[in-house]
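Inspection log for the structure reproduced underneath, given as structure tokens.
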Amino acid sequence: MQEPSYHLIPTESQFSPDDFPRLMEMAKSAGIWFLEQFPSNDTSENSPNWDLAESWPIRWKTTISEVELEFVVSEMGSVTLRLGQSLRYRRNPPPVFYISLGKTKSNGLQWESPEREPLDLAFSKTLLFEKVELYKKSSESLSL
């Protein structure tokens with residue numbers, strides 16, 4: 001009986017080291033866009049600094065629909081919105097919203113939902129509001 005091979009066979013949709021600078025640049029652009037749409041609650045010098053590459057991941061707290069949340073932007077091409085106020089989840093808050101960069105068959109990069117559905121940032125804002133409202137409704141029903 002032949003042992004299975006555990007090495008990965010590269011496909012068009014896998015990232016290569018050549019993709020990393022573009023991942024970081026697109027993550028930075030998305031982070032700036034989300035920060036403009038959802039400003040930081042912190043108006044001091046601790047606000048995100050997009051010029052410092054060593055400061056990844058970039059984080060900031062914001063309030064959306066009266067819920068305190070935290071954005072986390074990774075240099076590997078992901079944007080996560082997670083609970084920002086719960087002591088219960090202080091160490092590892094659950095995500096409310098998540099998108100990441102995926103590679104297309106034509107070797108381009110695009111933003112995707114967790115289900116790998118392509119989306120643009122403008123639509124992701126709508127999706128984000130829907131996820132926050134869903135969280136609010138579920139947390140309200142749990143406290144009844």
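One-based numbering along the sequence shown. Values below: all heavy atoms of this structure, side chains included; hydrogens, waters and symmetry mates excluded.
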Point to revise | ring-ring contact (aromatic ring centres under 6.0 Å, His included) contacts in which one or both residues fall within residues 98-117, not counting sequence neighbours | key: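 Applying ring-ring contact (aromatic ring centres under 6.0 Å, His included) to every pair that reaches into residues 98-117, excluding sequence neighbours, yields nothing.
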Exercise for review: Dump the intermediate steps for side-chain contact (heavy atoms from CB on, under 4.5 Å) on Met24 and Trp56, then the final yes or no.
Suggested key: CA-CA 10 Å; Met24 189 183 304; Trp56 291 94; 3.6 Å; yes
**Study point:** Salt-bridge present (Asp19, Lys103; N to O < 4.0 Å)
**Key:**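 Salt bridge flag = yes for Lys103 with Asp19.
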Review point. Do NZ/NE/NH1/NH2 and the carboxylate oxygens of Arg82 and Glu70 come within less than 4.0 Å?
Key: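 A salt bridge is present here (some side-chain N lies under 4.0 Å from a carboxylate O).
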Practice item. Keeping the roles fixed (side chain from Ser74, backbone from Ser78), state whether a donor-acceptor pair exists under 3.5 Å. Key: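 No.
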Check your understanding: When you measure from the side chain of Ser29 to the backbone N and O of Met26, does any donor-acceptor pair fall under 3.5 Å?
Key ->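 No.
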**Study point:** Aromatic plane relationship, Phe71 with Phe34 - under 30° parallel, 30 to 60° tilted, over 60° perpendicular
**Key:**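 If you compare the ring of Phe34 with that of Phe71, the planes turn out tilted.
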side-chain hydrogen bond (donor to acceptor under 3.5 Å, both in side chains) partners of [X], counting only residues at least two apart:
X: Gln37; value: Lys125
X: Glu133; value: Ser65
X: Lys136; value: none
X: Glu36; value: none

Review point. Taking atom CG of Leu69 and atom CD1 of Ile64, what is their separation to the nearest 0.5 Å?
Key: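 These two atoms lie 5.0 Å from each other.
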Practice item. Not counting sequence neighbours, which residues clear side chain to side chain contact (heavy atoms under 4.5 Å, CB included) with Pro95? List them please. Key: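 Residues passing side chain to side chain contact (heavy atoms under 4.5 Å, CB included) with Pro95: Thr80.
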